[in-house]
Amino acid sequence: MAKIMFEHVTKEFKDEKRGKVLAVNDANFTIEDEEFMVFVGPSGCGKTTSLRMIAGLEKQTKGNIYIGDRLVNDLHPKERNIAMVFQDYALYPHMTIYENLSFGLKNLKVPKEEIKIKVKRASQILGIEELLDRRPRELSGGQRQRVAVGRAIVRNPKVFLFDEPLSNLDAKLRVQMRIEISELHKKLRTTIVYVTHDQVEAMTLGQRIVVMNNGVIQQIASPDELYNSPKNMFVAGFIGAPSMNFIECRIEENKLVAEDLNIQLPERYKNIISEYNEKNIIIGIRPEDIHDSYYCETVKSKVEICGNIKVVEKLGSENLLYFDKWGTTITARVSPQSKLEYKDKATLVFDADKIHIFDKETEMAL
């Protein structure tokens, strides 16, 4: 069993200027055996600290951590049967790739023949057999990343921990390595905990995702659930690229009203009328749900928006339009067929049934 469990885990750091800094606040979650769990959030949100507490590189201030059925609060990292892949690869530059892969096993006094078998298996899985006689400086970034992963595989750990392993790679190589890491998980059938600040990585790799902010877990869910049913405005804005548009509105009976916006409240939100009538709320609209009216046939509950385009980004597969409306900048992701350009007065449409509504004070989804 390689299930991981946090029970009311808190981590505090002491800072000379700020005093106590709460890096992780009362974290409670379970990572199931053989699950691929991704921690995502902005810099300083507590995701790497959580990973390091699993590894035993940081000790929690409060709470319990279990790996399998074992309480590991006081266990040394080498006793936890985990393997960690770091952002900077952490390869020994003076050693060959074979020596890098076998180094940890030698320290554990594993017999030479067994080391050969394990190194061969790991190199075959990762497609680096022909690199074993080279040194790290002779490899590309992607090859070095494979070696770093291979060094973890040879140990056959219960849990793999990845700390932003792709952040040093270029965009094309990151996509390739994401595919390889996903395939690796299927081959090894082991538990993987993966930390990233890149929400695209999180959405494409994770079976479930832990979204963190300021040391607090905001939501734990599948990629689909995070995208379609975010619990609060932070999750809604963090998941999805470009970010969700947020507009302050007022509920008047069964209508959403803001300047020239006056639309019917979607049926699924009718239950909030009694509590929020005559109150201001926040509505969220994803850029991909806003369309150029000339190239849109799929919108059901159509709402028109008129605005002057101030920026157009042409990405080939799509165009991103930016325009000011309702006191904020709205982003629309439209068809590449769209002819709208800078300074054009545009008529765009969105589907009222696809909006999200949030409490203005708590920022929680309604």
Side-chain angles (χ1 to χ4, degrees), residues 211 213 218-219 221 223-312 318-335 338-340 343-366:
V211 183
N213 189 37
Q218 303 294 310
Q219 188 171 357
D224 284 346
E225 187 178 347
L226 287 179
Y227 181 84
N228 293 311
S229 304
K231 278 192 171 179
N232 56 41
M233 287 178 62
F234 177 81
V235 176
F238 193 84
I239 298 298
S243 296
M244 183 181 284
N245 299 294
F246 295 113
I247 304 154
E248 185 171 341
C249 287
R250 185 175 179 82
I251 293 182
E252 295 184 1
E253 295 183 355
N254 61 345
K255 296 283 184 71
L256 292 169
V257 180
E259 294 181 14
D260 60 344
L261 180 70
N262 191 315
I263 62 175
Q264 198 77 19
L265 189 69
E267 189 65 35
R268 71 182 188 278
Y269 286 114
K270 290 295 175 67
N271 63 316
I272 70 171
I273 292 175
S274 59
E275 184 178 354
Y276 286 91
N277 192 35
E278 302 297 328
K279 291 183 180 178
N280 285 5
I281 47 83
I282 304 294
I283 67 169
I285 310 169
R286 292 204 179 275
E288 50 270 37
D289 292 328
I290 305 177
H291 312 275
D292 183 336
S293 61
Y294 289 101
Y295 297 94
C296 179
E297 300 174 354
T298 58
V299 173
K300 294 178 181 178
S301 303
K302 189 180 290 187
V303 179
E304 285 195 353
I305 314 172
C306 293
N308 294 315
I309 305 299
K310 64 178 187 178
V311 176
V312 178
E318 62 193 18
N319 291 354
L320 298 182
L321 310 179
Y322 301 87
F323 58 98
D324 291 332
K325 192 74 175 174
W326 304 305
T328 188
T329 297
I330 302 295
T331 306
R333 175 189 274 172
V334 303
S335 165
S338 173
K339 302 297 190 293
L340 291 171
K343 287 189 176 180
D344 283 352
K345 186 172 179 61
T347 300
L348 302 164
V349 296
F350 69 87
D351 189 341
D353 287 337
K354 292 195 173 181
I355 66 171
H356 300 261
I357 301 182
F358 304 91
D359 184 293
K360 184 184 173 184
E361 302 302 324
T362 67
E363 299 190 351
M364 298 299 291
L366 300 179

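- A donor-acceptor contact shorter than 3.5 Å is absent between the side chain of Ser293 and the backbone of Val349.
- Between Ile355 and Val303 the shortest side-chain heavy-atom distance does not fall below 4.5 Å.
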I'd like to know whether Phe358 forms a side chain to side chain contact (heavy atoms under 4.5 Å, CB included) with Phe246, so could you lay out the CA-CA distance, the side-chain angles of the two residues, the decisive distance to 0.1 Å, and finally the verdict. CA-CA 9 Å; Phe358 304 91; Phe246 295 113; 3.8 Å; yes
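- The environment of Glu278 atom CD is dense: over 12 non-hydrogen atoms of other residues, nucleotides or ligands sit within 6.0 angstrom.
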Would you check, one step at a time, whether the test side-chain hydrogen bond (donor to acceptor under 3.5 Å, both in side chains) holds for Asn280 with Glu248? CA-CA 7 Å; Asn280 285 5; Glu248 185 171 341; 2.8 Å; yes
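- Formation of a donor-acceptor pair under 3.5 Å by the Arg286 side chain with backbone atoms of Tyr227 is found in this model.
- Using a 4.5 Å cut-off on side-chain heavy atoms (C-beta onward), Ile330 and Ile285 make no contact.
- Open room surrounds NZ on Lys343; 12 or fewer heavy atoms of other groups in view lie less than 6.0 Å from it.
- For OH of Tyr322, the number of neighbouring non-hydrogen atoms (other residues, nucleotides, ligands) closer than 6.0 Å is greater than 12.
- Annotation for Lys325: atom NZ counts as buried by contact number, over 12 foreign heavy atoms lying within 6.0 Å.
- How far CZ of Phe238 is from CD of Gln219: 13.0 Å, rounded to the nearest 0.5 Å.
- Using a 4.0 Å cut-off between charged nitrogen and carboxylate oxygen, Lys339 and Asp344 do not count as a salt-bridge pair.
- Taking Phe350 as the reference, nothing meets the ring pair (Phe, Tyr, Trp, His ring centres under 6.0 Å) condition, with sequence neighbours excluded.
- Nearest heavy-atom pair across Lys345 and Cys306 is NZ-CB, 4.4 Å.
- Residues meeting the side chain to side chain contact (heavy atoms under 4.5 Å, CB included) test with Ala241, sequence neighbours left out: Gln199.
- With rounding to the nearest 0.5 angstrom, the CG atom of Asp324 is 10.0 Å from the CD1 atom of Ile309.
- Judged purely by atom type and a 3.5 angstrom limit, Asn277 uses its side chain to pair as donor or acceptor with the backbone of Glu253.
- Side-chain contact between Cys249 and Leu261: present, with at least one pair of heavy atoms (C-beta onward) separated by less than 4.5 Å.
- Side-chain contact between Ile281 and Leu366 is present, with heavy atoms from C-beta onward closer than 4.5 Å.
- With a 4.5 Å cut-off on side-chain heavy atoms, Leu320 and Pro287 do not count as touching.
- Ile273 contributes atom CD1, which lies 11.0 Å from atom NZ of Lys255 (distance to the nearest 0.5 angstrom).
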Should Leu340 and Asn319 be marked as a side chain to side chain contact (heavy atoms under 4.5 Å, CB included) after you check the CA-CA gap, both sets of side-chain angles, and the distance that decides it? CA-CA 9 Å; Leu340 291 171; Asn319 291 354; over 6 Å; no
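- Residues Ala365 and Pro230 approach most closely at CB-O, 3.3 Å, considering heavy atoms.
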Steps toward side chain to side chain contact (heavy atoms under 4.5 Å, CB included) verdict (Asn245, Ile290): CA-CA 10 Å; Asn245 299 294; Ile290 305 177; 3.6 Å; yes
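- Closest heavy-atom contact between Glu288 and His291: O-CE1, 3.3 Å.
- Between atom CD of residue Glu225 and atom NZ of residue Lys231 there is a gap of 8.0 Å, rounded to the nearest 0.5 Å.
- Of all non-hydrogen atoms in Pro266 and Ala352, the two that sit nearest each other are CG-O, 3.3 Å.
- You'll find the side chain of Asp351 stays beyond 4.5 Å of the side chain of Asp289, heavy atoms only.
- In this structure, the side chains of Lys279 and Arg250 stay at 4.5 Å or more apart for every pair of heavy atoms.
- No side-chain heavy atom of Thr347 sits less than 4.5 Å from a side-chain heavy atom of Ile305.
- Atoms CG and OH, from Leu348 and Tyr295 in turn, are 13.0 Å apart once rounded to the nearest 0.5 Å.
- The backbone N or O of Ile251 lies less than 3.5 Å from no partner atom in the side chain of Tyr276, so there is not a single donor-acceptor pair.
- Rounded to the nearest 0.5 angstrom, Glu361 CD and Ile282 CD1 are separated by 9.0 Å.
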